[in-house]
Student: 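This is the structure I have questions about; it appears just below.
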Amino acid sequence: MAYAQPQVLSGFYSTSFNKVNSRINQSKQIQVCMETQRGRRSMMSNHSTIKVPHVLTVAGSDSGAGAGIQADLKACAARGVFCSTVITAVTAQNTVGVQGVDIVSDDFVAKQLKSVLSDMQVDVVKTGMLPSSGVVKILHQCLREFPVQALVVDPVMVSTSGDVLAGPSILTGFREELLPMADIVTPNLKEASALLGGLKVETVSDMHSAAKLLHDMGPRNVLVKGGDLPDSLDAVDIFFDGEDFYELRSSRLKTRNTHGTGCTLASCIAAELAKGSSMLEAVKAAKCFIETALDYSKDIVIGNGPQGPFDHLLRLKRNIHNSWKQDRFNPNDLLLYAVTDSRMNRKWGRSISDAVKAAIEGGATIVQLREKDIETWDFLEAAKSCLQICRYHGVPLLINDRIDIALACDADGVHLGQSDMPSRVARTILGPEKIIGVSCKTPEQAQQAWIDGADYIGCGGIYPTNTKENNRTVGLDGLKAVCLASNLPVVAIGGIGISNASPVMAIDAPNLKGVAVVSALFDRECVLTETRKLHSVLVEATTKTK
């Protein structure tokens with residue numbers, strides 16, 4: 001059987017930031033960050049006019065919270081969509097396996113469906129475990145009575161071990177009643193085989209054939225998932241819209257934490273459709289989300305069984321990584337604030353991570369990666385390396401301007417300039433536990449930083465500097481004015497080094513907590529030595545002011 005040439009999207013999903021230009025502007029940066037954490041939405045003044053995207057999931061409950069209803073809820077929350085539920089079965093299961101299943105009666109499933117659909121303006125319905133032919137018929141009838149924008153069918157009918165969970169009558173119901181209503185069906189290889197009467201689906205070519213045959217049953221789109229494809233270095237999924245085939249490829253991640261990927265993928269597709277995405281866009285976004293979540297979660301340990309859950313909200317490791325900090329932010333960390341510069345590191349033949357390690361060993365109390373001349377992928381890899389060093393030494397790591405990089409590597413926070421996104425927007429993206437600093441030159445800017453929820457202010461340039469062009473200096477008087485106008489801790493920046501750090505720290509401002517330096521550390525042959533010298537000067541200066 002001949003098919004149209006598939007469109008191969010190779011490498012698109014290998015990382016969320018692989019092909020992002022290193023100089024993305026503010027609007028693109030907001031888009032990237034909000035795609036990662038869409039869950040927080042700005043509130044409009046007239047609440048009655050807000051139409052919240054709404055997904056209804058019809059599926060079984062997983063007591064281990066890795067798959068089923070629980071995975072659907074978490075996936076929709078991560079994608080910024082409200083999710084209501086109709087529970088078809090209650091399972092007793094964990095990472096070892098399923099210990100018991102209690103099927104909800106058809107009548108009560110019908111009551112749940114009508115209760116939600118008659119009231120709550122559902123946009124998209126997503127199905128998971130449908131344990132009886134009666135439930136399939138009831139869902140078919142309810143959707144005819146209460147039409148929705150889209151139906152996403154995840155045919156949960158074959159267990160991970162290969163056991164068929166759906167008998168012949170359920171399979172017939174899927175083929176005759178549900179698939180013709182579906183906007184997309186998302187079977188894995190075994191489920192595709194079961195729907196097609198036992199047809200072998202073992203190669204990419206088989207997946208193309210299966211997608212075409214399934215499409216002939218009535219769904220408008222088919223996604224055959226190849227996560228279990230043998231002898232494949234990539235995770236290959238085949239999407240077919242009735243006309244074109246798309247091979248969606250991503251790197252295969254080595255992790256035990258894959259329980260619930262199918263449920264999550266279908267829920268993410270449903271969520272994106274509820275927000276107005278096209279089908280192909282929704283599938284791409286969902287696949288990208290799965291890869292990001294699996295990569296983030298690959299080394300967490302929950303349960304003792306062979307297949308653990310993953311972290312949909314990308315938050316669990318933050319508590320582990322930040323366990324060395326008693327508080328979210330300690331203003332005293334601002335004492336010696338080291339700001340990296342890629343040009344200086346290249347000049348002296350150092351990597352960013354080597355420079356950061358030397359600065360920390362010399363006494364730097366906080367590190368900011370300020371890298372203007374570096375590609376995004378290289379920046380992300382450098383940030384991950386530097387974060388390991390900072391975590392080991394208990395030193396916070398901030399990213400200058402690039403919230404996308406901060407999110408991707410789970411840095412401790414960001415530092416923003418006046419031309420970057422407002423700190424209140426950054427806060428909605430990063431959440432309450434991250435550190436946000438803002439550059440300020442005037443008392444008015446300092447007051448606004450406080451209002452917008454920043455944690456500290458970087459004030460300067462205090463003296464002329466070569467690291468920023470056309471940077472207006474404020475001098476010691478300007479620094480003091482900002483300090484007096486602000487309720488936030490302040491770090492002074494701009495042209496500061498060993499020779500002038502003491503007079504900076506000597507101004508009468510108790511909330512001046514330290515100095516931020518670039519050239520004084522990194523435009524020197526030995527970063528370690530220069531950092532030790534400056535640290536000694538600052539310790540002496542702060543001792544005198546107490």
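In what follows, residues are counted from 1 in the order of the sequence shown.
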Student: Between the side chain of D241 and the main-chain N/O of N221, is any donor-acceptor distance below 3.5 Å?
Tutor: no
Student: Which heavy atom of A59 sits nearest to which heavy atom of I69, and what is that distance?
Tutor: O-CG1, 3.6 Å
Student: Does a salt bridge link K111 with D107, judged by any charged N lying under 4.0 Å from a carboxylate O?
Tutor: no
Student: Does a donor on one side chain and an acceptor on the other come within less than 3.5 Å for T95 and H259?
Tutor: no
Student: If only atom types and distance count, is the side chain of T292 paired as donor or acceptor with the main-chain N or O of C288 below 3.5 Å?
Tutor: yes
Student: Under the 3.5 angstrom rule, does the side chain of E272 hit a backbone N or O of I269 as a donor-acceptor pair?
Tutor: no
Student: Taking the six-membered ring where the residue is Trp, are the ring centres of H208 and F240 under 6.0 Å apart?
Tutor: no
Student: Check the pair Y392 / Q388 against side chain to side chain contact (heavy atoms under 4.5 Å, CB included), numbers first and verdict last.
Tutor: CA-CA 6 Å; Y392 179 80; Q388 291 182 348; over 6 Å; no
Student: Counting only N and O atoms by type, is there a donor-acceptor contact under 3.5 Å from the side chain of K434 to the main-chain atoms of A411?
Tutor: yes
Student: Output yes when D311 and K298 qualify as a salt bridge under the 4.0 Å nitrogen-oxygen rule, no when they do not.
Tutor: no
Student: Kindly write out the residues that satisfy side chain to side chain donor-acceptor pair (under 3.5 Å) with D72, not counting sequence neighbours, or none if the list is empty.
Tutor: T57, K126, S267
Student: Between I405 and E371, is the side chain to side chain contact (heavy atoms under 4.5 Å, CB included) condition met? List the steps.
Tutor: CA-CA 11 Å; I405 297 294; E371 301 296 327; over 6 Å; no
Student: Do T261 and F310 come close enough that some side-chain heavy atom pair is under 4.5 Å?
Tutor: yes
Student: Decide yes or no on side chain to side chain contact (heavy atoms under 4.5 Å, CB included) for I399 and F379, but give the supporting numbers first.
Tutor: CA-CA 10 Å; I399 307 295; F379 193 0; 3.9 Å; yes
Student: Find out whether F174 and L130 are in side-chain contact, i.e. whether some heavy atom of one side chain is under 4.5 Å from a heavy atom of the other.
Tutor: yes
Student: Considering only heavy atoms from C-beta outward, does the side chain of V58 approach that of V125 to under 4.5 Å?
Tutor: yes
Student: Calculate, to the nearest 0.5 Å, the distance between atoms SG and CG belonging to C76 and L56 respectively.
Tutor: 10.0 Å
Student: Please confirm whether the backbone N or O of N188 pairs with a side-chain atom of E191, one donor and one acceptor, at under 3.5 Å?
Tutor: yes
Student: Which atoms form the tightest heavy-atom contact between D237 and G226, and what is the distance?
Tutor: OD1-N, 2.9 Å
Student: Is there a donor-acceptor contact under 3.5 Å from the side chain of R256 to the main chain of G305?
Tutor: yes
Student: So which pairs with a foot in residues 79-117 pass ring-ring contact (aromatic ring centres under 6.0 Å, His included), sequence neighbours left out?
Tutor: H54-F82
Student: Are the side chains of L223 and V185 in touch, meaning some heavy atoms are under 4.5 Å apart?
Tutor: no
Student: Check whether any side-chain heavy atom of K225 sits under 4.5 Å from a side-chain heavy atom of L189, and report yes or no.
Tutor: no
Student: Considering all heavy atoms of both residues, which atom of M217 and which atom of L196 are nearest to each other, and what is their separation?
Tutor: CE-CD2, 3.6 Å
Student: Nearest heavy-atom pair of L294 and L253: which atoms, and what distance?
Tutor: CB-CD1, 3.6 Å
Student: For the residue pair Q149 / D123, report whether a side-chain donor-acceptor contact shorter than 3.5 Å exists.
Tutor: yes
Student: Look only at the side chain of E177 and the backbone of R175, and say whether a donor-acceptor pair between them is shorter than 3.5 Å.
Tutor: no
Student: Can you tell me how far the CD1 atom of I429 sits from the OG atom of S423, to the nearest 0.5 Å?
Tutor: 11.5 Å
Student: Look at the side chain of T88 and the backbone N and O of M129, then say whether any donor-acceptor pair between them is shorter than 3.5 Å.
Tutor: yes
Student: Roughly how far, to the nearest 0.5 Å, is CG of D102 from CD1 of I87?
Tutor: 11.5 Å
Student: If every non-hydrogen atom of F329 is compared with every non-hydrogen atom of I435, which pair is closest and at what distance?
Tutor: CD1-CD1, 3.7 Å
Student: Of all the heavy-atom pairs spanning K275 and R79, show the shortest one and how long it is.
Tutor: NZ-O, 2.8 Å
Student: NZ of K114 to CD1 of I138: how many Å apart, nearest 0.5 Å?
Tutor: 8.5 Å
Student: Which distance, rounded to the nearest 0.5 Å, do you find between the CG of L248 and the CZ of F239?
Tutor: 8.0 Å
Student: Just by modelled atom types, is the S61 backbone N or O under 3.5 Å from a matching donor or acceptor in the T91 side chain?
Tutor: yes
Student: Using salt bridge (charged side-chain N to carboxylate O under 4.0 Å, His left out), reason through R391 and D412 one step at a time and then give a plain yes or no.
Tutor: CA-CA 10 Å; R391 292 278 191 252; D412 295 295; 2.8 Å; yes
Student: Look only at the side chain of D62 and the backbone of A67, and say whether a donor-acceptor pair between them is shorter than 3.5 Å.
Tutor: yes
Student: Look at R427 together with D455 and state whether they make a salt bridge at an N to O cut-off of under 4.0 Å.
Tutor: yes
Student: May I ask you to check whether S115 and Q112 show a side-chain donor-acceptor distance below 3.5 Å?
Tutor: no
Student: Checking D206 against T203: is there a side-chain donor and acceptor pair closer than 3.5 Å?
Tutor: yes
Student: Do Q99 and N94 have a side chain donor and acceptor closer than 3.5 Å?
Tutor: yes
Student: In sequence, state the C-alpha distance, the side-chain angles, and the governing distance for D401 and V414, and then conclude on side chain to side chain contact (heavy atoms under 4.5 Å, CB included).
Tutor: CA-CA 7 Å; D401 297 348; V414 296; over 6 Å; no
Student: Side chains of L380 and C409: does their closest heavy-atom pair fall under 4.5 Å?
Tutor: yes
Student: L113 versus V116: any side-chain heavy-atom pair under 4.5 Å?
Tutor: no
Student: Between D234 and R249, does any NZ, NE, NH1 or NH2 come within less than 4.0 Å of an OD or OE carboxylate oxygen?
Tutor: yes
Student: With side chains defined as the heavy atoms from C-beta onward, is the minimum distance between I184 and V153 less than 4.5 Å?
Tutor: no
Student: State the CG-OG1 distance between D154 and T186, to the nearest 0.5 angstrom.
Tutor: 4.0 Å
